[in-house]
Amino acid sequence: MRTLAITQNITIDGSIEMLGEWFDPQGQGGVDNSDLLEESHRQDRAADGFLVGRRTFEDLRGYWPKQSEDATGITDYLNRVQKYVVSSTMIDPQWQNSTVLSGEPAEEIRALKMLPGKDIVVTGSIMLCHTLIEAVLVDEYRLFVYPVVQGRGRRLFPDGFEIPELALLDAKAFRCGITYSRYGKA
């Protein structure tokens, strides 16, 4: 069975909603982020599925394919990876290697996990993440913690939801001040 991993950029105070300008995927404020990009690319190589909700997909589709001089490699990855969009309204995703999942999300993703392949990664897509967490479909949480306190914004875990225990699988600190923690089921 494939691993379903939620990968999120998150503030110290737990917000994944980007209300300010704390997240810059192409530069991180001019600081050397080569070690951060190396980790990102390592994870990209282990994944052949990229799962998002419609709004996040539309935001990504409106930005990344238009980047012609992307030194980070994010554009290349997003153009080639198999993208799965959870949407009951989208018919034509209008981005190569994209498939719309229009059925009941938990059932569609459970079936997707059963197919042969590498990791499936979910990013952004707060409502979809909540659905996956509540359906107990998430195998790993990969959190890139930014040294920022936003003081507001939606959180990764739905109100009242509990996971009794997670195991720390990996942790790293990057030169730019961002830290990374990977958790799995205990």
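Residues: numbered from 1 along the sequence shown.
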For Thr11 and Val149: C-alpha separation, side-chain torsions, deciding distance, then whether side-chain contact (heavy atoms from CB on, under 4.5 Å) applies.
CA-CA 6 Å; Thr11 62; Val149 174; over 6 Å; no
Short side-chain donor-acceptor distance under 3.5 Å, Glu140 and Thr3:
no
I'd like to check the side chain to side chain donor-acceptor pair (under 3.5 Å) partners of Asp44; sequence neighbours left out, ordered by chain and number.
none
Check for a donor-acceptor pair, side chain of Asp35 on one end and backbone N or O of Arg175 on the other, with a separation under 3.5 Å.
yes
Considering residues at least two apart in sequence or located in another chain, which fulfil the side-chain contact (heavy atoms from CB on, under 4.5 Å) criterion with Glu38?
none
Common cluster, Met18/Ile12, ILVMFWY with side-chain heavy-atom separation under 4.5 Å:
no
Is the shortest heavy-atom distance from the side chain of Asp92 to the side chain of Met90 under 4.5 Å?
no
Hey, what do you get for SG (Cys129) to CZ (Arg155), rounding to the nearest 0.5 Å?
15.0 Å
Main-chain N/O of Gly124 paired with Gln8 side-chain donor or acceptor, under 3.5 Å
yes
Side-chain atoms of residues 158-167: list all donor-acceptor pairs with protein atoms under 3.5 Å, sequence neighbours left out, distances to 0.1 Å.
none

With a 4.0 Å cut-off on N to O distance, would you call Glu107 and Arg110 a salt bridge?
no
Could you pull out all residues at least two apart from Ala111 that satisfy side-chain contact (heavy atoms from CB on, under 4.5 Å)?
none
What's the spacing between Leu143 CG and Ser181 OG if we round to 0.5 Å?
6.5 Å
Between Arg61 and Pro65, what is the shortest heavy-atom contact and its length?
O-CD, 3.3 Å
Is it true that Tyr77 and Tyr63 fall in one hydrophobic cluster, defined by side-chain heavy atoms closer than 4.5 Å?
yes
Interatomic spacing from CH2 in Trp95 to CG in Asn79 - rounded to 0.5 Å
6.0 Å
Rounded to the nearest 0.5 Å, what separation is found between the CD1 atom of Ile120 and the CD atom of Gln82?
10.5 Å
I'd like to know if the side chain of Glu104 reaches the main chain of Ala106, judged simply by a donor and an acceptor atom lying under 3.5 Å from each other, with no hydrogens or angles considered.
yes
What is the distance from atom CD1 of Ile6 to atom NE2 of His130, rounded to the nearest 0.5 Å?
8.5 Å
Supply the members, apart from Met114, of the Ile/Leu/Val/Met/Phe/Trp/Tyr cluster built from side-chain contacts under 4.5 Å; use none for a lone residue.
Met1
Considering all heavy atoms of both residues, which atom of Ser15 and which atom of Gln150 are nearest to each other, and what is their separation?
OG-NE2, 2.7 Å
Point-to-point distance, once rounded to the nearest 0.5 Å, from CZ of Phe157 to OH of Tyr141:
4.5 Å
Let's go through Leu101 and Ser87 carefully: what are the C-alpha distance in whole Å and the side-chain angles of both, what is the deciding distance for side-chain contact (heavy atoms from CB on, under 4.5 Å) to 0.1 Å, and is it a yes or a no?
CA-CA 6 Å; Leu101 304 176; Ser87 175; over 6 Å; no
Below 4.5 Å, heavy atoms only, C-beta onward: do Leu4 and Val122 meet side chain to side chain?
yes
State which residue, out of Val52, Leu132, Ile109, Val100, fulfils the side chain to side chain contact (heavy atoms under 4.5 Å, CB included) condition with Val86.
Ile109
Could you state whether Leu169 and Ile10 fall into the same hydrophobic cluster, counting links through intermediate Ile, Leu, Val, Met, Phe, Trp or Tyr residues with side-chain heavy atoms under 4.5 angstrom apart?
no
More than 12 heavy atoms of other residues, nucleotides or ligands under 6.0 Å from CE of Met127: yes or no?
no
Look at the side chain of Asp170 and the backbone N and O of Arg182, then say whether any donor-acceptor pair between them is shorter than 3.5 Å.
no
Would you say Thr56's side chain and Gly53's backbone share a donor-acceptor pair under 3.5 angstrom?
no
Under-4.0 Å salt bridge between Asp48 and Arg2
yes
Report whether Phe50 and Leu115 are members of the same hydrophobic cluster (ILVMFWY, side-chain heavy atoms less than 4.5 Å apart, transitive linking).
no
Closest heavy-atom pair and its distance - Asp13, Val148
OD1-O, 4.0 Å
Which pair of non-hydrogen atoms, one from Gly49 and one from Tyr84, has the smallest distance, and what is that distance?
CA-CE1, 4.0 Å
By the definition side chain to side chain contact (heavy atoms under 4.5 Å, CB included), identify the one residue from Asp76, Ile74, Asp59 that meets it with Trp64.
Ile74
Taking every non-hydrogen atom, the tightest pair across Pro93 and Phe57
O-CE2, 3.4 Å
Do any pairs count as a side-chain hydrogen bond (donor to acceptor under 3.5 Å, both in side chains) and have a residue in residues 115-124, sequence neighbours left out, and if so which ones?
Asp119-Arg142
Between Val121 and Gln43, is a side-chain contact (heavy atoms from CB on, under 4.5 Å) present by the stated rule, with each step listed?
CA-CA 9 Å; Val121 177; Gln43 291 184 30; 6.0 Å; no
If hydrophobic clusters are built from ILVMFWY residues whose side chains come within less than 4.5 Å, do Leu137 and Leu112 share one?
yes
With side-chain contact (heavy atoms from CB on, under 4.5 Å) as the test, would you mind laying out the steps for Glu17 and Ile126 before giving the verdict?
CA-CA 8 Å; Glu17 186 174 15; Ile126 298 169; 4.1 Å; yes
Taking everything shown except Leu168 itself, do over 12 heavy atoms lie less than 6.0 Å from its CG?
yes
Indicate yes or no for a side-chain donor-acceptor contact from Gln67 to the backbone of Thr75 under 3.5 Å, with no hydrogens or angles considered.
no
Considering all heavy atoms of both residues, which atom of Asp139 and which atom of Lys113 are nearest to each other, and what is their separation?
OD2-NZ, 2.9 Å
Check the pair Tyr180, Phe144 against ring pair (Phe, Tyr, Trp, His ring centres under 6.0 Å), reporting the backbone distance first and the verdict last.
CA-CA 5 Å; Tyr180 167 72; Phe144 289 88; 4.7 Å; yes
